[in-house]
Amino acid sequence: MDSSPPLFTFGMFADVQHGDKPHNLAAGRYFSEAAGKLSEAVVKFNEANVAFVVNLGDIIEGNDTDDKTLSDWTAVENALNPLKPTLHSVIGNHCLRLPGPKRDLMDLLHLTHNYYVAERRQGYRFVVLDGTEITVKGNEPNSDSFRAAQEWLNSHPRGPEFPHAWDWNAAISNKQLEWFVAQCIDARSSGEKMIVFCHYPVQSAAATDEHLLWNHTDVVRILNQNADVVKAYISGHWHHGGYYRDPSSGIHHLTLRAILEASTDKGPDFGNAYAFVDVYSTKISLRGCGWAREQSREMDM
């Protein structure tokens with residue numbers, strides 16, 4: 001067994017979906033407890049002195065009024081304020097329930113761009129994709145993105161062929177996909193391995209058919225064409241989490257369990273859900289905490 005220390009460690013969490021509203025016990029969603037669980041995770045990230053932390057999206061639920069939604073956002077901000085390492089945020093569909101244009105949301109998340117290179121560190125490149133780019137949520141009805149989303153939904157009736165054609169899913173634009181391909185090419189020339197973060201899963205074996213990015217096949221094609229560089233794709237959105245290794249490319253697809261649905265009702269130690277990722281030159285080691293503990297695994301790079 002390799003006993004050498006990791007090159008570095010980062011933390012991550014998914015789908016906080018905090019909201020000052022009644023729990024949905026039938027769905028196992030504990031809205032008003034989520035910010036407190038996030039506070040606990042922040043303490044652990046600080047204690048571990050991680051290099052950075054990734055928020056995989058859906059940091060709020062969205063409430064009955066704009067004022068309540070903004071108040072929920074403030075609760076999450078208060079939970080995150082003590083965080084010492086850099087936070088890299090992924091935009092999720094519930095994030096779009098914040099009032100105002102997407103630019104305001106990005107300002108609140110301290111993002112200068114909706115998709116970006118989060119880190120380049122010791123032979124690794126960490127890339128954040130925005131799966132909420134083409135959506136009917138959070139876009140003005142007269143915007144190109146809204147119209148493109150509406151056209152996609154109209155031409156892909158939900159059913160056995162398109163089980164993911166829900167309006168709470170979305171798509172990545174061709175412009176962003178071209179940027180992603182360019183990042184793969186640049187990472188290859190730089191001798192870097194890449195880990196990709198996006199809110200939406202792209203493999204049903206790591207989630208469900210209903211929770212996939214609309215144009216997941218386009219993303220999978222790019223991932224597999226660049227499997228010499230891309231080693232892992234990490235997402236949220238499907239709260240129960242999942243894992244799948246593509247046999248054709250060897251790429252790891254990990255969907256992290258949601259803080260929102262972590263509960264001691266599931267088990268005495270399952271009251272939270274977050275993870276540490278130890279990064280080595282030839283592997284990454286996921287150490288899940290709470291409900292995410294069952295997702296712990298090593299993934300070769």
Side-chain angles (χ1 to χ4, degrees), residues 2 12 14 54 56-57 90 115 117-118 123-131 133-134 152 156 159-166 169-238 240-257 275 277-286 288 292 294-301:
D2 183 5
M12 59 184 185
V54 179
L56 288 164
V90 179
Y115 52 92
V117 176
Y124 282 87
R125 182 179 303 213
F126 298 87
V127 169
V128 170
L129 299 179
D130 177 15
E133 204 171 24
I134 297 175
W152 191 94
H156 297 76
E161 187 177 1
F162 305 113
H164 60 307
W166 293 91
N169 292 329
I172 292 175
S173 70
N174 288 334
K175 179 181 178 182
Q176 185 180 167
L177 292 178
E178 290 169 1
W179 174 88
F180 179 44
V181 170
Q183 288 299 318
C184 292
I185 293 170
D186 191 58
R188 182 177 296 110
S189 66
S190 301
E192 294 172 314
K193 300 170 184 178
M194 185 184 291
I195 295 176
V196 180
F197 303 104
C198 183
H199 182 64
Y200 293 99
V202 293
Q203 290 279 14
S204 58
T208 71
D209 290 334
E210 291 78 13
H211 287 79
L212 300 182
L213 186 78
W214 285 345
N215 57 338
H216 60 278
T217 55
D218 294 332
V219 175
V220 169
R221 174 178 50 80
I222 294 171
L223 293 173
N224 290 353
Q225 287 174 346
N226 294 277
D228 60 315
V229 172
V230 180
K231 301 302 177 182
Y233 180 99
I234 300 176
S235 62
H237 195 48
W238 170 238
H240 292 265
Y243 171 79
Y244 172 70
R245 188 171 193 185
D246 191 323
S248 66
S249 65
I251 294 174
H252 304 275
H253 292 261
L254 177 81
T255 307
L256 187 64
R257 285 180 167 175
V277 181
D278 298 322
V279 180
Y280 300 82
S281 59
T282 59
K283 67 179 181 180
I284 61 174
S285 179
L286 175 76
E294 295 175 329
Q295 296 190 278
S296 299
R297 67 182 63 248
E298 288 192 351
M299 293 169 270
D300 65 88
M301 295 284 108

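What you see is a predicted model, and the numbers here were worked out from it, not measured in a lab.
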Q: Pairs of donor and acceptor atoms involving the side chains of residues 190-198, under 3.5 Å and at least two apart or interchain, shall be tabulated with distances.
A:
from, atom 1, to, atom 2, distance (Å)
S190, OG, D186, O, 2.9
E192, OE1, R120, NH2, 3.4
E192, OE1, R125, NE, 2.7
E192, OE1, R125, NH2, 2.6
E192, OE2, R120, NE, 2.9
E192, OE2, R120, NH2, 3.3
K193, NZ, S281, O, 2.3

Q: If the threshold is 4.0 Å, N to carboxylate O, is there a salt bridge linking E294 and R257?
A: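 Yes, E294 and R257 are salt-bridged.
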
Q: Answer yes or no: is there a side-chain heavy-atom contact under 4.5 Å between H252 and L286?
A: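 The answer is no; the side chains never approach within 4.5 Å.
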
Q: Sorted by first residue and then second, give each side chain to side chain donor-acceptor pair (under 3.5 Å) pair with at least one member in residues 211-221; sequence neighbours left out.
A: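 Output for this query lists T208-H211.
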
Q: Can you tell me how the ring of F162 sits relative to the ring of H164, calling it parallel under 30°, perpendicular over 60° and tilted otherwise?
A: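 Because their plane-to-plane angle lies in the 30° to 60° range, the rings of F162 and H164 count as tilted.
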
Q: What are the two closest non-hydrogen atoms of P201 and Y233, and how far apart are they?
A: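 Heavy atoms only, the tightest pair is CA-CE2, 4.2 Å.
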
Q: What pair of heavy atoms forms the shortest contact from Y115 to L129, and how long is it?
A: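 Closest pair (atom of Y115, atom of L129, distance): CB-CA, 4.1 Å.
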
Q: Between N224 and S249, do the side chains contain a donor N or O and an acceptor N or O under 3.5 Å apart?
A: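 Checked: S249/N224 side chains pair up, N/O donor to acceptor below 3.5 Å.
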
Q: Is there a donor in the side chain of D130 and an acceptor in the side chain of Q176, or the other way round, less than 3.5 Å apart?
A: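 Judged by distance alone, the side chains do not pair up.
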
Q: Which atoms form the tightest heavy-atom contact between H253 and A206, and what is the distance?
A: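 For H253 versus A206, the nearest heavy atoms are O-CB, 3.7 Å.
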
Q: Name all residues meeting the side chain to side chain contact (heavy atoms under 4.5 Å, CB included) criterion together with R188; count only those two or more places apart in sequence or in a different chain, and write none if there are none.
A: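 With sequence neighbours excluded, R188 shows a side chain to side chain contact (heavy atoms under 4.5 Å, CB included) to I185, N226, D228, V229, given in chain and number order.
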
Q: Do E161 and H156 have side chains that get closer than 4.5 Å, going by heavy atoms?
A: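 No - every pair of side-chain heavy atoms lies 4.5 Å or more apart.
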
